[in-house]
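Heads up: the structure comes next, in structure tokens.
We use all heavy atoms of the structure for the numbers below, so side chains are in, but hydrogens, waters and symmetry mates are not. Since the structure is predicted, the reported quantities are computational estimates derived from the model, not experimental observations. Below, chains carry the letters A, B, ... as their sequence lines are ordered, and counting in each starts from 1.
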Amino acid sequence: MSAPIRPARGMRDFLPHDVRRRDYVIRVVEDVYRRYGFQPLETPALENIETLTGKYGEEGNKLIFKVLRRGEGETSGETDLALRYDLTVPLARVVAEHRGALPKFFKRYQIQPVWRADRPARGRFREFYQCDVDAIGSASMVVEAELCAAVADVLQRLGFRDFVIRVNHRLVLAGLLDHAGVPPALHGAALVALDKLDKVGPDGVGNELQARGIDRPAVEALLPLFAGRMELGELGRLLATRPEAAAAVAGLEKLFALSGSTSAGPYLRFDASLARGLSYYTGAIMEIAVPDLAGSLGGGGRYDGLIGMFLGQDIPACGFSLGLERILVVMTERGMFPADVDTGGADVLVTQFDDGESAEEALGLARDLREAGVRVDVYPEPDKLGKQFKYAAAAGVRHVAIMGGDERARGVVTVKDMTSGQQRAVPRAGIGQWFSAGAAHQELAPSGSEDQE
RNA sequence: GUGGGUGUAGCUCAGCGGUAGAGCGCCGGACUGUGGCUCCGGAAGUCGCGGGUUCGAACCCCGUCAUCCACCCCA
């Protein structure tokens, strides 16, 4: 039996076309993140297993890719390392370790792959990129406002107009559950059920709540709190006697007020049914929704206790993560990529003839063009001209430079624009400058007449 | 992890017990220094894999793997 030809389950190869599109999105993300003053960070793919376990909740724990200990572990099954599950926990570890070397307020971005042993589905892979921004050291709502603004900027720059940033607060949720009489031990179970309100409706959520062990009076008290799409103000009055929850409501009101002066303002929406699965969130939680994707484009929240799990002393922190693969799925389906992202890897193809001198001439021409900053591909062997044109067209190379016996005798290069079909003779001596000056695009642009000689 | 669909040529798919097919792409030619248009010709498939039923299986049955969709969960 031959070796498998496909990558491992949930993993993918990226062909040049894919890489170009990924790079385009990453470049936009990176550019926006930098404008907000975030600094780059990279961490190892592998972490010690204790670093990751117990940080993500029960579901998350199961999805961690574990690595057998080298040597004995291969027979005993013992694991000591794991592939990172997200970029937030590694950041918390780094902050704990390098606390003294980092500024009082540390803002970092990180664009790297993470791994989850999930079942693959549309927009879900076992290896995928996250684009994280996190701000460490401040409990101010200004942090949340800036994070929301940054991701809103990214999505708008990429051409998204119809996304919604759903916002909620862990302490608001806790307050509502307390108010309805759900015992604290069942808060997690209740949140999982409530998170489905959009999909299964109030009756469905009610059934699931009871199935999860929440008694009928609590369910009946709980459902109206969520089904009515309560406004923040109303919620504040309802939770006025619960100081923590009331403060959380006030915090969200502050976030909305602050966001009035950022690009996130029009996209923010309070949603009491947003829960989010990761267990380390302690405050505001956010998630980005678009109509044509069941999952989210990204999510985030405040996690004031996570760094303390490494350091023994809490440091406030808040972050937002964009899912590169999710963004790419939607952009691909909607055709949102600019045309130039999909152009080939070269600007010019230099042809070759079977006349003895052509190879040296072709390489020399390529060198001069490359020195002028032009991306050049040289057809590697003598062939019929038609084949060479066909190759250029298939490879997405716009110009073909022909230098055969005729051209050499005249000291020129024939340059053909594959998009318009037009061609002209350009002096060999000035060819590099002619290209880098953009003359190729201007003078050979489509003008109605085809194939002028 | 649960339920369902689909695996046939490079790609999209037809065939659904009786000789393996089409379109597109690819290669060659008409066109010996010009791609796209047209015409002619050609190559190409253990019909996902393993077993079973049958005189005979791409087709029916069982298993398995892959993939897609809906749940679950998430980026």
Arg116(A) CZ - C72(B) P separation (whole Å):
18 Å

Quick note, Arg124(A) side chain, CB onward, closest among C74(B), G33(B), C73(B) is C73(B)

Quick one: the side chain of Gln423(A) and the base of G33(B), do they pair up donor-acceptor inside 3.5 Å?
no

Students often get this wrong, so: under 4.0 angstrom with heavy atoms, is Tyr129(A) touching a base, only sugar-phosphate, or nothing?
nothing

Judged by each residue's nearest nucleotide on RNA chain B, which is more toward the 5′ side, Gly386(A) or Gly10(A)?
Gly386(A)

Can Arg122(A) and Glu325(A) be counted as an ion pair, charged N to O under 4.0 angstrom?
no

Does Asp18(A) come within less than 4.0 Å of Arg12(A), counting only side-chain N to carboxylate O?
no

P atom, U64(B) versus G1(B): distance in rounded Å?
12 Å

Compare the minimum distances between each of G33(B), G35(B), C73(B) and the side chain of Lys416(A), then state the nucleotide with the smallest one.
G35(B)

Check every strand shown and say whether Gly123(A) touches a base, only sugar-phosphate, or nothing at a heavy-atom separation below 4.0 Å.
base

Set of residues satisfying salt bridge (Lys or Arg N to Asp or Glu O under 4.0 Å) with respect to Glu407(A), sequence neighbours excluded
none

What distance, rounded to whole Å, do you find between the two P atoms, one in G21(B) and one in C65(B)?
33 Å

Rounded to whole Å, the CD-P distance (Glu407(A) to G33(B)) equals 12 Å

When rounded to whole Å, the CG to P distance for the pair Leu63(A) and A75(B) reads 11 Å

Is_stacked (Phe128(A), A75(B)) at 5.5 Å, 30 deg
yes

My understanding is that only residues two or more places apart in sequence, or in another chain, count here; which of them pass side-chain hydrogen bond (donor to acceptor under 3.5 Å, both in side chains) with Asp304(A)?
Arg302(A)

Please name all residues satisfying side-chain hydrogen bond (donor to acceptor under 3.5 Å, both in side chains) with Arg119(A), sequence neighbours left out, ordered by chain then number.
none

Quick one: Met331(A) CE to A75(B) C1', roughly how many Å, whole number?
16 Å

For the side chain of Met418(A), starting at C-beta, report the closest nucleotide among G35(B), C69(B), A75(B).
G35(B)

Using the P atoms only, state how far U46(B) lies from G36(B), rounded to an integer number of Å.
31 Å

Gap in Å between the two C1' atoms, one belonging to G18(B) and one to A58(B), rounded
13 Å

Given atom CG of Asp118(A) and atom C1' of C71(B), what is their separation to the nearest angstrom?
13 Å

Classify Gly295(A) by what it touches in the nucleic acid, base, sugar-phosphate, or nothing, heavy-atom distance under 4.0 Å.
base

Any chance you could encode RNA chain B as dot-bracket? Rule is Watson-Crick or G-U wobble with both distances under 3.5 Å; [ ] for pairs crossing earlier ones, | for another strand.
((((((((.[[[[.)..(..]]]].(((((.......))))).....[[[[[..)....]]]]])))))))....

Take the angle between the ring planes of Tyr267(A) and Phe163(A) and call it parallel below 30°, perpendicular above 60°, tilted in between.
parallel

Given the structure, check if the side chain of Arg326(A) and the base of C74(B) hold any donor-acceptor pair shorter than 3.5 Å.
yes

If you only use heavy atoms from C-beta on, which nucleotide in A75(B), U34(B), U67(B) is closest to the side chain of Arg9(A)?
U67(B)

Mind calculating the distance between CZ (Arg122(A)) and P (A75(B)) to the nearest angstrom?
17 Å

Can you check the distance between U6(B) and C59(B), where both ends of the measurement are the C1' atom (answer in whole Å)?
15 Å

I need the CD1-C1' distance between Ile26(A) and A75(B), as an integer number of Å.
14 Å

Can you pull every protein N or O that's under 3.5 Å from an N or O on nucleotides 2-5 of chain B?
from	atom 1	to	atom 2	distance (Å)
U2(B)	O4	Arg119(A)	NH1	2.7

Under the 3.5 Å rule, do the base of U34(B) and the side chain of Gln388(A) count as making a donor-acceptor pair?
no

Base, sugar-phosphate alone, or nothing: which one does Ile402(A) contact when heavy atoms must sit under 4.0 Å apart?
base

Atom pairs under 3.5 Å, N or O on each side, protein against nucleotides 23-28 of chain B: can you list them with distances?
from	atom 1	to	atom 2	distance (Å)
G28(B)	OP1	Lys387(A)	NZ	2.0
G28(B)	OP2	Lys387(A)	NZ	2.8

Distance, C1' atom - from C49(B) to U67(B), rounded to whole angstrom
15 Å

Who passes salt bridge (Lys or Arg N to Asp or Glu O under 4.0 Å) against Asp86(A), sequence neighbours left out?
none

Do the side chains of Arg398(A) and Asp417(A) get close enough for a salt bridge, i.e. N-O under 4.0 angstrom?
yes

Please identify each residue that fulfils side-chain hydrogen bond (donor to acceptor under 3.5 Å, both in side chains) with Arg9(A), with sequence neighbours left out.
none

Under 4.0 Å between any heavy atoms, over every strand shown, what does Asp86(A) touch: base, sugar-phosphate, or nothing? Just pick one.
nothing

Who passes ring pair (Phe, Tyr, Trp, His ring centres under 6.0 Å) against Tyr379(A), sequence neighbours left out?
Tyr391(A)

Determine which pairs satisfy ring pair (Phe, Tyr, Trp, His ring centres under 6.0 Å) with at least one residue from residues 113-133 of chain A, sequence neighbours left out, and list them in order.
none

Tell me every residue that passes side-chain hydrogen bond (donor to acceptor under 3.5 Å, both in side chains) with Arg157(A), counting only those two or more places apart in sequence or in another chain.
Asp31(A)

With sequence neighbours left out, the residues meeting ring pair (Phe, Tyr, Trp, His ring centres under 6.0 Å) with Tyr303(A) are Tyr280(A)

Would you check if Ser273(A) and Arg166(A) make a side-chain contact, meaning some heavy-atom pair closer than 4.5 Å?
yes

Looking only at atom C1', what distance separates A20(B) and C13(B), rounded to whole Å?
14 Å

Separation of atom CG in Leu15(A) from atom C1' in G10(B), rounded to whole Å
14 Å

On a whole-Å scale, what distance lies between the P atoms belonging to A57(B) and G17(B)?
14 Å

